Amino acid sequence: MPVFEAHIEDVEQRALTGTLPAQQDVIRLMTQAYQRYRTLDEGVVADYIPILGRADPARFGLSLVGVNGFVHELGDTAVGFSIQSISKAFVFALVREALGHEKLHEVVGVNNTGLPFNSVIAIELNDGSPMNSMNNAGAIATTALIPGADAQQRWDDLVGGLSAFAGHPLEVDQEVYRSEAETNHRNQALGRLLQSYGRLAVDPAEVVDLYTRQCVLTVTSTDPATMGATLADGGVNPVTGERVVSAETCRDTLAVLASCGMYERSGEWLFEIGLPGKSGVSGGIVAVSPGKGALGSFSPPLDPAGNSVRGQRACAHLSRALGLNLFASARFDSTEGALA
Ligand code: GLN
């Protein structure tokens, strides 16, 4: 089935406008959100990757990066954690940038499975399709599409691209890598299952290893905020000024995050928060407000779908308080300007 863009590619594109509130208001409202949820004691720290079970549940870092380069950080914003599934969003963007609008739609898909992030049955129910790039199978299929002569070049391009989004070199946490590589039997099975359906053009063991390494890059909560702000800024990192991807890639990436970024809770997340977002099982969240900026949070206790509880609450609070929700409108005020 052809994607819609084939029919509308000659249409001139405009982007959403609007700005964040004044800096002192952003600081005040972020402090409010941080204080309100700092002591919230709900959720469970993931331990299916053994080393993640050692995380301190009290940690809470909250960061915002605006498209004007404004950065505000509260709490444990210096504590490193593995990026985990948040990497899926940015690897999607790199592959989308390299291969164009249609390729990922065709090969992986852009619809939600309604099933958990590591579901096997989702593949079986959909004729071998992983359905979208934000669950584990789809992310493995997406990583498999990174161009490059060999595994080393694909890894160098992947880590270079993610580092450009973050604005500094990202590094693998070797201890988390070992813990994950020793126990990721399910991801290896997902790789094999995709192979059995003829949906992987490369060796499954190699691509699962690449995927595992992308998940164990160390970040702080400000990194996903900066990476998200790059998607909010038409593809230019607002802190470094470097263009990382095109505006069209940002648009496509954010659309997939909106529908699939929070797994089977994506509908509820959109209903409450109204922003494209992505979570990771170590407790990170990025929420992106196109044209304005992005929030990054880190707090290990998770809900049953694997999304950080404090992070979701803080994003819900700030999406309302900062006016970020994509679906919120106010009555047109004719004294402020004419429509025509
Ligand atoms: N690396 C993790 C996994 O493959 C990522 C999952 C997640 O963050 N939800 O299970």
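Everything numeric here is computed off the predicted structure, so don't read it as measured data. Residues: numbered from 1 along the sequence shown.
- Considering every non-hydrogen atom in both Ile285 and Ser279, the closest pair reads CG1-CB, 4.1 Å.
- Within the structure, salt bridge (charged side-chain N to carboxylate O under 4.0 Å, His left out) pairs that include any residue of residues 34-47 comprise Glu42-Arg313 (at least two apart or interchain).
- Taking the side chain as every heavy atom from C-beta outward, Cys250 and Val245 approach each other to under 4.5 Å.
- The backbone N or O of Ser259 sits less than 3.5 Å from a side-chain atom of Asn112, completing a donor-acceptor pair.
- Rounding to the nearest 0.5 angstrom, the gap separating the CG atom in Leu29 from the CD atom in Gln24 is 10.5 Å.
- Counting only heavy atoms from C-beta outward, the side chains of Thr249 and Asp252 never approach each other to under 4.5 Å.
- How far CG of Asp150 is from CD of Glu206: 8.0 Å, rounded to the nearest 0.5 Å.
- Side-chain atoms of Ser246 and Glu97 form a donor-acceptor pair, as typed in the model, at a separation below 3.5 Å.
- Partner of Lys88 under the side-chain hydrogen bond (donor to acceptor under 3.5 Å, both in side chains) criterion, chosen from Thr142, Asn136, Asn135: Asn136.
- Formation of a donor-acceptor pair under 3.5 Å by the Lys292 side chain with backbone atoms of Gly323 is found in this model.
- Distance check: Thr253 OG1 to Leu231 CG gives 5.5 Å after rounding to the nearest 0.5 Å.
- Side chain of Asp233 to backbone of Ala229: no donor-acceptor contact under 3.5 angstrom is found.
- Side chains of His101 and Glu248: no donor on one and acceptor on the other come within 3.5 Å.
- When atom types are taken as modelled, the side chain of Ser82 and the backbone of Gln84 share no donor-acceptor pair closer than 3.5 angstrom.
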Open item on the list: I'd like to know whether Arg213 forms a side-chain contact (heavy atoms from CB on, under 4.5 Å) with Leu210, so could you lay out the CA-CA distance, the side-chain angles of the two residues, the decisive distance to 0.1 Å, and finally the verdict.
Closed with: CA-CA 5 Å; Arg213 283 193 273 155; Leu210 210 59; 4.0 Å; yes
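- Here the shortest heavy-atom pairing between Pro130 and Ala141 reads CG-CB, 4.1 Å.
- For the atom pair CG of Leu275 and SG of Cys315, the computed distance is 7.5 Å after rounding to the nearest 0.5 Å.
- Side chain of Asp303 to backbone of Val309: no donor-acceptor contact under 3.5 angstrom is found.
- In plain terms, the two heavy atoms of Tyr48 and Thr183 that are nearest each other are O-OG1, 4.2 Å.
- Across Gly228 and Phe90, no two heavy atoms sit closer than the pair N-CZ, 3.8 Å.
- In terms of modelled atom types and a separation under 3.5 Å, the side chain of Arg199 and the main chain of Gly128 share a donor-acceptor contact.
- For the atom pair CG of Leu99 and NE2 of His105, the computed distance is 15.0 Å after rounding to the nearest 0.5 Å.
- The 12-atom threshold is not exceeded at CZ of Phe271, counting heavy atoms of other residues, nucleotides or ligands nearer than 6.0 Å.
- Checking side-chain atoms of Ser308 against main-chain N and O of Ser299 turns up a donor-acceptor pair under 3.5 Å.
- Between the CG atom in Leu217 and the CG atom in Leu158 there is a gap of 7.5 Å [rounded to 0.5 Å].
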Task: Working for side-chain contact (heavy atoms from CB on, under 4.5 Å), residues Val219 and Phe81 - done: CA-CA 6 Å; Val219 290; Phe81 60 96; 3.6 Å; yes
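- Side-chain contact annotation: Tyr177 with Asp209, donor-acceptor N/O pair under 3.5 Å present.
- Proximity of a side-chain donor or acceptor of Arg320 to a complementary backbone N or O of Glu272 within less than 3.5 Å is detected.
- Side-chain contact check for Leu170 versus His168: some heavy-atom pair is nearer than 4.5 Å.
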- [ ] Could you check Arg154 against Asp157 for salt bridge (charged side-chain N to carboxylate O under 4.0 Å, His left out), going step by step and ending with a plain yes or no?
- [x] CA-CA 5 Å; Arg154 287 195 281 274; Asp157 289 351; over 6 Å; no
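- One N or O on the side chain of Arg310 and one on the backbone of Tyr37 form a donor-acceptor pair closer than 3.5 Å.
- Although no hydrogens or angles enter the test, the distance criterion places a donor-acceptor pair under 3.5 Å between the side chain of Ser196 and the main chain of Leu193.
- Under the salt bridge (charged side-chain N to carboxylate O under 4.0 Å, His left out) criterion, the residue pairs touching residues 169-188 are Arg54-Glu175, with sequence neighbours excluded.
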Task: Val95 and Lys103: CA distance, side-chain angles, deciding distance, side-chain contact (heavy atoms from CB on, under 4.5 Å) verdict - done: CA-CA 9 Å; Val95 174; Lys103 187 74 178 172; over 6 Å; no
- [ ] In sequence, state the C-alpha distance, the side-chain angles, and the governing distance for Asp25 and Leu322, and then conclude on side-chain contact (heavy atoms from CB on, under 4.5 Å).
- [x] CA-CA 8 Å; Asp25 292 326; Leu322 300 177; over 6 Å; no
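- The heavy-atom pair separating Ser297 from Gly311 by the smallest distance is OG-CA, 3.4 Å.
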